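Because the structure is predicted, anything quoted here is derived from the model rather than measured.
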Amino acid sequence: MRALRKMTAGVLLCLAIAGCVAIAGCGGGNTKRPTGTATTSIAALVTPTTSTTTTADPATFATGYEQSWGIMKRVGVEILGAINEVKRASAKHQSVSNGHIASEFATFAAEMEPGVIGLGGLTPPASVRSAFRSMAVASVQLAATLRSFSTDAAASRGAQGQRDIAAYLAYAAVIDKDALTIYKKLGLK
């Protein structure tokens, strides 16, 4: 468990979603998702409901950043747990329903939203501004992709679900890279 805490959320999220590619319950038809499914989630995430903007003071930024990042890491651990649950079921020749997978991933998307919104309310110091902006944008897109994956699992759209996974992995890689940059430049632990 201690080793998991030291890993960044992006790595955990990549591992979790990569495991989902092999899940039998994620498959199904290949009908395309209706247009606009993910954009609703993105719009909701980009517009914070309360004003949480902080100054560019590194200490103040670090506190808000670590709080938001903590939420995202926790969700990453939960996603990994869900993937492992499906893998255990598969190993026992059991299955997990698409409805169950859809419900869990919708919950993960909702749980990640406060972290993503929290990032959107921060003003980074100049030393990490570029990495932070990249991370914040990828976080919004990642959360929307979680919601899209949930929708596609519920509708048994396997081909679209696999595209969601590919997009998710790309966003998670960006987040991981940017998070490491921020942690190094600010000397966070």
Side-chain angles (χ1 to χ4, degrees), residues 1-21 23 38 41-42 44-46 48-50 52-54 58-88 101-125 127-150 164-189:
M1 188 65 148
R2 289 183 186 133
L4 287 178
R5 289 185 193 138
K6 292 181 181 180
M7 296 178 81
T8 63
V11 171
L12 291 173
L13 295 173
C14 282
L15 290 173
I17 295 300
C20 192
V21 172
I23 297 173
S41 298
I42 292 172
L45 294 174
V46 184
T49 55
T50 60
T52 58
T53 303
T54 61
T60 304
F61 170 79
T63 301
Y65 175 78
E66 288 180 321
Q67 181 180 10
S68 293
W69 188 232
I71 292 168
M72 294 173 72
K73 286 195 302 189
R74 179 187 53 77
V75 175
V77 170
E78 290 175 9
I79 290 171
L80 183 59
I83 297 303
N84 287 333
E85 174 189 342
V86 173
K87 285 181 177 180
R88 282 190 299 274
I101 292 169
S103 175
E104 281 194 312
F105 276 80
T107 299
F108 297 146
E111 289 176 351
M112 190 168 289
E113 287 178 10
V116 174
I117 290 169
L119 289 179
L122 296 173
T123 303
S127 64
V128 296
R129 189 169 294 136
S130 178
F132 177 76
R133 286 181 181 161
S134 172
M135 179 185 182
V137 168
S139 296
V140 169
Q141 294 166 328
L142 183 135
T145 301
L146 280 174
R147 196 165 304 288
S148 293
F149 181 76
S150 169
D164 294 337
I165 290 168
Y168 184 95
L169 288 169
Y171 299 136
V174 169
I175 292 167
D176 188 45
K177 178 184 73 66
D178 293 335
L180 289 173
T181 299
I182 293 167
Y183 268 81
K184 286 178 185 177
K185 285 189 175 185
L186 295 182
L188 303 174
K189 296 179 183 178

Under the rule for side-chain contact (heavy atoms from CB on, under 4.5 Å), what residues qualify as partners of [X], not counting sequence neighbours?
| X | result |
| --- | --- |
| Glu66 | Tyr183, Leu188 |
| Thr63 | none |
| Val128 | Phe61, Pro124, Pro125, Ile182, Lys185, Leu186 |
| Ser150 | Ala102, Phe105, Ala106 |

According to side chain to side chain donor-acceptor pair (under 3.5 Å), who are the partners of Ser130, at least two apart in sequence or on a separate chain? none
Is any side-chain heavy atom of [X] less than 4.5 Å from a side-chain heavy atom of [Y]?
| X | Y | answer |
| --- | --- | --- |
| Met72 | Leu119 | yes |
| Met112 | Arg147 | no |
| Val140 | Tyr171 | no |
| Thr123 | Phe132 | no |

Pairwise distance CD1(Ile117) to CG(Leu122) - rounded to 0.5 angstrom: 12.0 Å
Mind checking the OH-CD1 spacing from Tyr168 to Ile175? Nearest 0.5 Å is all I need. 7.5 Å
Donor-acceptor pairs under 3.5 angstrom involving side-chain atoms of residues 76-86: please list them, not counting sequence neighbours.
{"unit_1": "Glu78", "atom_1": "OE2", "unit_2": "Arg74", "atom_2": "NH1", "d": "2.6"}
{"unit_1": "Asn84", "atom_1": "ND2", "unit_2": "Leu80", "atom_2": "O", "d": "3.3"}
{"unit_1": "Glu85", "atom_1": "OE2", "unit_2": "His100", "atom_2": "NE2", "d": "3.4"}

Restricting to non-hydrogen atoms, name the atom on [X] and the atom on [Y] that form the minimum distance, rounded to 0.1 Å.
| X | Y | result |
| --- | --- | --- |
| Ala131 | Thr181 | CB-CG2, 3.9 Å |
| Met135 | Asp178 | N-OD2, 3.1 Å |
| Ala143 | Val116 | CB-CG2, 4.3 Å |

